[in-house]
Engineer: 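Please find one structure pasted underneath; my questions will follow.
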Amino acid sequence: MACQEKEKPSLKPGIDFVKLEELITEVCDNGNIVKELLYSMLRTTETYNNCMTLYNSYLDRYIEFLASLNITDVDMIAFAYKKMLDNGYLSYNKKHGYDNSFRHIYNSNLNISSFMDLDELEGCYVATGSYVCRHMSSFLTDLEGRAGENGYNTYVATYRRKKHKNGIVRLNSLFGNRVYANHQITCVDNEGFYGYCPTSGLFIQFENYFDNKCDKEDIVIYGRSIDIDEYRIGEFNYYVSYSDYSKIMNNPDEDITTLFNNHNKKVFKHINISDLQEKDKYVSEVLDSEQDSLKDFYIDTEEYLSSINSLMNTMVPKKNLKSLLIK
């Protein structure tokens with residue numbers, strides 16, 4: 001009887017990032033290098049490039065929609081974004097929520113390939129309807145950029161004022177000579193620097209530089225929250241450390257260091273609460289009167305959001321996998 005040729009197993013196309021990580025780790029024990037190599041490979045995949053193309057196209061559609069409603073001012077864009085975010089118009093399933101599982105992910109011993117989280121993908125999480133502060137602020141930063149505004153993702157240490165009544169007077173004792181980031185906001189340069197937090201809906205007014213006496217090159221910027229609804233200043237304190245921030249963010253296309261240059265201090269904008277209230281009122285009235293336009297925009301862009309959600313779930317699984325195959 002003639003021997004029958006065995007059928008060859010079909011090979012699925014794509015890169016197995018779990019296997020790739022194992023191979024790289026065999027010759028390199030530097031976790032940062034392993035991570036960057038994996039990230040570099042992810043950027044070559046069709047999945048990644050499709051996601052970035054859709055995300056950028058969606059941002060273009062979104063800023064055009066806001067412009068059609070005469071919402072072009074940097075603050076009005078922030079207000080409209082927050083309102084539409086909270087009402088589900090920016091997610092594939094029209095749901096929205098802060099995803100506390102990310103805290104669990106960071107506290108567990110997952111391998112690198114289980115969390116392929118690239119900086120440029122942060123804003124894409126908004127489409128999934130489940131996100132954290134850095135995802136919301138990254139989307140807003142990208143959106144402001146589409147409007148021609150100078151926006152920056154800014155890591156900050158934020159605390160309720162009641163918890164640190166003495167503010168920054170005793171910075172060294174409060175933070176052990178360091179300022180550790182626990183939050184991300186969007187910082188804009190619009191006739192002076194100030195911040196906006198899409199997580200809380202608060203604006204942040206930066207006020208002063210402080211030198212950390214233990215490290216004269218570690219400049220700290222102090223800011224206070226602006227609550228336009230209660231006309232209240234300073235419920236939250238914000239601290240920005242240049243040394244920590246510069247290690248986290250590296251954007252060669254923007255001169256971010258001008259914000260922190262102690263020898264060439266940028267002017268921090270004094271936030272006019274009454275002016276913000278008028279803008280907020282205008283945006284609310286426009287969106288309330290344009291409900292049909294909002295629904296049409298969502299329907300017209302729902303396919304973008306659904307595709308981005310699917311691609312993100314492929315690239316950034318939230319669990320350990322025996323195989324992570326990405327085309």
Side-chain angles (χ1 to χ4, degrees), residues 51-87 89-91 96 119-127 131 133-154 184-206 226 228 249 251-256 258-259 266-272 275-290 293-294 296-298 300-301 304-305 308:
C51 188
M52 290 307 302
T53 298
L54 287 169
Y55 177 60
N56 286 314
S57 296
Y58 179 77
L59 288 171
D60 290 337
R61 293 283 296 274
Y62 188 18
I63 204 67
E64 288 173 4
F65 170 70
L66 293 178
S68 72
L69 302 179
N70 292 318
I71 298 175
T72 56
D73 172 87
V74 57
D75 300 326
M76 291 183 184
I77 290 172
F79 281 129
Y81 167 61
K82 175 63 173 172
K83 295 176 193 298
M84 292 179 67
L85 181 73
D86 291 347
N87 285 288
Y89 286 109
L90 307 181
S91 58
H96 70 96
D119 288 342
E120 63 268 32
L121 291 176
E122 300 283 23
C124 298
Y125 278 97
V126 169
Y131 33 71
C133 61
R134 71 180 185 277
H135 305 146
M136 289 181 272
S137 59
S138 293
F139 187 103
L140 178 59
T141 298
D142 294 337
L143 187 65
E144 296 286 11
R146 287 297 190 281
E149 303 293 345
N150 294 320
Y152 310 94
N153 292 324
T154 304
Q184 181 174 299
I185 62 173
T186 293
C187 184
V188 293
D189 183 4
N190 177 29
E191 299 178 352
F193 281 102
Y194 59 103
Y196 179 75
C197 173
T199 304
S200 64
L202 297 173
F203 282 84
I204 295 94
Q205 181 170 299
F206 297 118
I226 307 293
I228 66 167
M249 296 297 294
N251 186 349
D253 298 324
E254 299 287 353
D255 187 16
I256 296 177
T258 57
L259 174 58
K266 265 284 190 179
V267 175
F268 294 132
K269 184 174 182 177
H270 176 75
I271 295 177
N272 186 314
D275 183 47
L276 287 179
Q277 287 178 324
E278 287 298 317
K279 292 179 179 180
D280 184 39
K281 180 181 177 183
Y282 172 81
V283 171
S284 294
E285 290 175 349
V286 168
L287 295 182
D288 286 343
S289 64
E290 294 289 346
S293 297
L294 279 172
D296 289 342
F297 170 74
Y298 182 75
D300 291 342
T301 58
Y304 283 87
L305 299 174
I308 293 171

Engineer: Give the minimum heavy-atom separation between Ile185 and Gly195, together with the two atoms involved.
Structural biologist: CD1-CA, 4.3 Å
Engineer: Just so I know, are the side chains of Ile204 and Cys197 near enough to count as touching, which here means a heavy-atom distance under 4.5 Å?
Structural biologist: yes
Engineer: I'd like to check Leu276 versus Ile271 (side-chain heavy atoms, cut-off strictly below 4.5 Å). Are they in contact?
Structural biologist: yes
Engineer: Any non-hydrogen side-chain atom of Ile77 less than 4.5 Å from a side-chain atom of Leu66?
Structural biologist: yes
Engineer: With Glu120, which residues qualify under side-chain contact (heavy atoms from CB on, under 4.5 Å), at least two apart?
Structural biologist: Arg43, Tyr48, Met52, Leu118
Engineer: Under 3.5 Å, side chain of His96 to main-chain N/O of Asp86, donor-acceptor pair present?
Structural biologist: yes
Engineer: Working to the nearest 0.5 Å, report the span between CD of Glu290 and CG of Asn70.
Structural biologist: 9.5 Å
Engineer: For a quick check under 3.5 Å, do Thr186 and Ser137 share a side-chain donor-acceptor pair by atom type?
Structural biologist: no
Engineer: Does any pair with a residue in residues 55-67 pass salt bridge (charged side-chain N to carboxylate O under 4.0 Å, His left out), and if so which ones, sequence neighbours excluded?
Structural biologist: Asp60-Arg146
Engineer: To the nearest 0.5 Å, how far apart are CD1 in Ile71 and CG in Asp75?
Structural biologist: 12.5 Å
Engineer: Rounded at 0.5 Å granularity, tell me how far CG in Asn56 sits from SG in Cys51.
Structural biologist: 9.5 Å
Engineer: With side chain to side chain contact (heavy atoms under 4.5 Å, CB included) as the criterion, how do Glu144 and Val74 come out once you've worked through the C-alpha distance, each side chain's angles and the decisive distance to 0.1 Å?
Structural biologist: CA-CA 7 Å; Glu144 296 286 11; Val74 57; 3.5 Å; yes
Engineer: Please step through side chain to side chain contact (heavy atoms under 4.5 Å, CB included) for the pair Gln184 and Ser138, ending with a clear verdict.
Structural biologist: CA-CA 9 Å; Gln184 181 174 299; Ser138 293; 3.2 Å; yes
Engineer: Quick one: pull up CG in Leu85 and CG in Leu90 and give me the separation to the nearest 0.5 Å.
Structural biologist: 5.5 Å
Engineer: Can you measure from CG (Asp73) to CG (Asn190) and round to the nearest 0.5 angstrom?
Structural biologist: 6.5 Å
Engineer: Of all the heavy-atom pairs spanning Gln205 and Lys269, show the shortest one and how long it is.
Structural biologist: CG-O, 3.8 Å
Engineer: Ignoring hydrogens, what is the shortest heavy-atom contact between Tyr55 and Cys124? Give both atom names and the distance.
Structural biologist: CG-SG, 3.6 Å
Engineer: Listed by chain and number, what are the side-chain contact (heavy atoms from CB on, under 4.5 Å) partners of Ser284, not counting sequence neighbours?
Structural biologist: Lys83, Asp280
Engineer: Is a side-chain donor-acceptor pair under 3.5 Å present for Asp189 with Tyr194?
Structural biologist: no
Engineer: I need the Met136 CE to Lys82 NZ distance, nearest 0.5 Å.
Structural biologist: 6.5 Å
Engineer: Indicate, with yes or no, if the rings of Phe203 and Phe79 have centres closer together than 6.0 Å.
Structural biologist: yes
Engineer: Under the 3.5 angstrom rule, does the side chain of Tyr298 hit a backbone N or O of Ser91 as a donor-acceptor pair?
Structural biologist: yes
Engineer: With sequence neighbours left out, what residues match Tyr81 under ring-ring contact (aromatic ring centres under 6.0 Å, His included)?
Structural biologist: Phe139
Engineer: Could you pull out the closest heavy-atom pair between Ala80 and Leu287, with the gap in Å?
Structural biologist: CA-CD1, 4.3 Å
Engineer: Which heavy atom of Phe206 sits nearest a heavy atom of Phe193, and at what distance?
Structural biologist: CD1-O, 4.2 Å
Engineer: Who pairs with Asp275 by salt bridge (Lys or Arg N to Asp or Glu O under 4.0 Å), at least two apart in sequence or on another chain?
Structural biologist: Lys279
Engineer: Can you list the steps and then say if Phe65 with Leu294 is a side chain to side chain contact (heavy atoms under 4.5 Å, CB included)?
Structural biologist: CA-CA 9 Å; Phe65 170 70; Leu294 279 172; 3.9 Å; yes
Engineer: ring-ring contact (aromatic ring centres under 6.0 Å, His included) with Tyr62: which residues, sequence neighbours excluded?
Structural biologist: Phe297
Engineer: For Tyr58 and Thr301, what are the C-alpha separation, side-chain angles and deciding distance, and is it a side chain to side chain contact (heavy atoms under 4.5 Å, CB included)?
Structural biologist: CA-CA 7 Å; Tyr58 179 77; Thr301 58; 3.5 Å; yes
Engineer: I need the minimum non-hydrogen distance between Ala78 and Leu140, along with the two atoms involved.
Structural biologist: CA-CD1, 4.1 Å
